[in-house]
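Lettering follows sequence order; numbering is per chain, from 1.
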Number of protein chains: 2
Amino acid sequence: MKLTDAKKQFISSWGAFGTHWGINKTMAQIHALLMISPDPITQDDIMDELSISRGNVNMNIRDLINWGLVDRVIIPGERKEFFTAEKDIWKVATQIIKERKKRELDPMLKLLDQLEDVEGDKKDKNVKQFVETVSGIKKFGGQADKMLQVMVKADENWFVGSLLKFFK
Amino acid sequence: MKLTDAKKQFISSWGAFGTHWGINKTMAQIHALLMISPDPITQDDIMDELSISRGNVNMNIRDLINWGLVDRVIIPGERKEFFTAEKDIWKVATQIIKERKKRELDPMLKLLDQLEDVEGDKKDKNVKQFVETVSGIKKFGGQADKMLQVMVKADENWFVGSLLKFFK
DNA sequence: ATTAATTTTCAAAAAGTTTTGAAAATTCAA
DNA sequence: TTGAATTTTCAAAACTTTTTGAAAATTAAT
């Protein structure tokens, strides 16, 4: 397969993949393009490669920067801004995990704490099932939280090294 | 907090949580309602509790059944169909992982296999970066795949028991 | 200070997704 | 069978999200 075609396929399926994970298609495609670009590229490059508008590129790049996945690069002598993405997939993954934990898991666990002590007859099966469900999720979330914290602190070797530490 | 309010909050935030994970809000809310209901309930119960239309309930229940998270229950002597959800959150999680692995991770890894052997000058930095990125993702995905397989086979004790087996 | 290049913003348009509700299909009891 | 209860379907409406593009803001060179 030619590079041009392989690139197209990679970008398009990384985009589709992203939509299953709450990331919008264009954002994932820009990220894909940056990951396979050896050197930093400009907004215009991205507009051309993906055939999308300037505003679209600009907003999604901003999001990617907020996610900590893309950096603005100043190239001396160049007027335009350039962008580059973290290429190490382990770092990309831990960065995403870190952000999602902060944005989604932590608030959910906080809410469950409040919901757990619902007042009412503990004999009532409705109360009982509610409390059981909430505390089950809390317990599970807590475990997941611990595991993710370890993963995020460790790096390329977390698989062998750090999970063992976790079980020490 | 009263049960009624706690229920409302739980259902609404489980719905919001779901949307971050590619699951639609109503589907997640129905799932939440079923998880905290001690006994099986009908489509009409769900319509009333969540104030949504019959068609909406019907379609989302179908999806939940396809995901293996909800079961149809026949109650002898009752004309209507009843529904119930798996209450064990560990089973819920492994079921979701299993399905998403099948629907998302596996096809992605398959595609990357094809993309990895792009033809062209291995000295060209564009080719080089492309191949490196793709194989990095493949390697990472392969590890994740192995880990998920182990998690899915094990159950409530996977955390302590089975990950150790994985590293044997 | 002026100007041209570049980036950012954001209202409106387009595209995509979810929900409704009523008609069609199915089920089951008499 | 027949008919009432129930479930399913799906086109159209409502809602949500994404994209566009042109105007405003910013930047940097002269």
Of the nucleotides [options], which one has an atom closest to the side chain of [X]?
X: A:Arg54; options: D:dT8, D:dG21, C:dT8; answer: C:dT8
X: B:Asn56; options: C:dT18, C:dT20, D:dT19; answer: C:dT20
X: B:Met59; options: D:dT7, C:dT19, C:dT8; answer: C:dT19
X: B:Ile52; options: C:dT6, C:dT20, D:dT20; answer: C:dT20
X: B:Arg62; options: D:dT9, C:dT27, C:dT8; answer: D:dT9
X: A:Gln43; options: C:dT8, D:dT20, D:dT27; answer: C:dT8

Taking for each residue the nucleotide of DNA chain D bearing the nearest heavy atom, is the 5' side occupied by A:Asn24 or by A:Glu78?
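Going by which nucleotide is closer to the 5' end, it is A:Asn24.
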Would A:Arg62 count as a cation-pi partner of A:Trp67, with NZ or CZ less than 6.0 Å from the six-membered ring centre and within 45° of the ring normal?
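That pair does not qualify as a cation-pi contact.
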I want to check one thing: is the phosphate of [N], taken as OP1 and OP2, less than 4.0 Å away from some side-chain N or O of [X]?
X: A:Thr26; N: D:dT19; answer: yes
X: A:Arg79; N: D:dT26; answer: no
X: A:Asn58; N: C:dT7; answer: no

What distance do A:His31 atom NE2 and A:Met27 atom CE have between them, rounded to the nearest 0.5 Å?
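CE of A:Met27 is found 8.5 Å from NE2 of A:His31.
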CD/A:Gln29 to CD1/A:Ile11 distance, rounded to the nearest 0.5 angstrom?
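Spacing of CD (A:Gln29) from CD1 (A:Ile11) equals 7.0 Å.
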[X] [atom1] to [N] [atom2]: how many Å, rounded?
X: A:Ile23; N: D:dT17; atom1: CD1; atom2: C1'; answer: 16 Å
X: A:Ile61; N: C:dT9; atom1: CD1; atom2: P; answer: 14 Å
X: A:Lys80; N: C:dT7; atom1: NZ; atom2: P; answer: 7 Å
X: A:Ile74; N: D:dT27; atom1: CD1; atom2: P; answer: 11 Å
X: B:Met47; N: C:dT20; atom1: CE; atom2: C1'; answer: 10 Å
X: B:Asp44; N: C:dG21; atom1: CG; atom2: C1'; answer: 14 Å
X: A:Arg72; N: C:dT7; atom1: CZ; atom2: P; answer: 9 Å
X: A:Lys25; N: C:dA14; atom1: NZ; atom2: P; answer: 17 Å

Is it true that B:Lys87 and A:Glu132 have a side-chain N and a carboxylate O under 4.0 angstrom from each other?
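No, no charged N to carboxylate O under 4.0 Å.
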Answer yes or no: is there an ion pair linking B:Lys138 with B:Glu116, defined by an N-O contact shorter than 4.0 Å?
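Here B:Lys138 pairs with B:Glu116 in a salt bridge, since their nearest N and O are under 4.0 Å apart.
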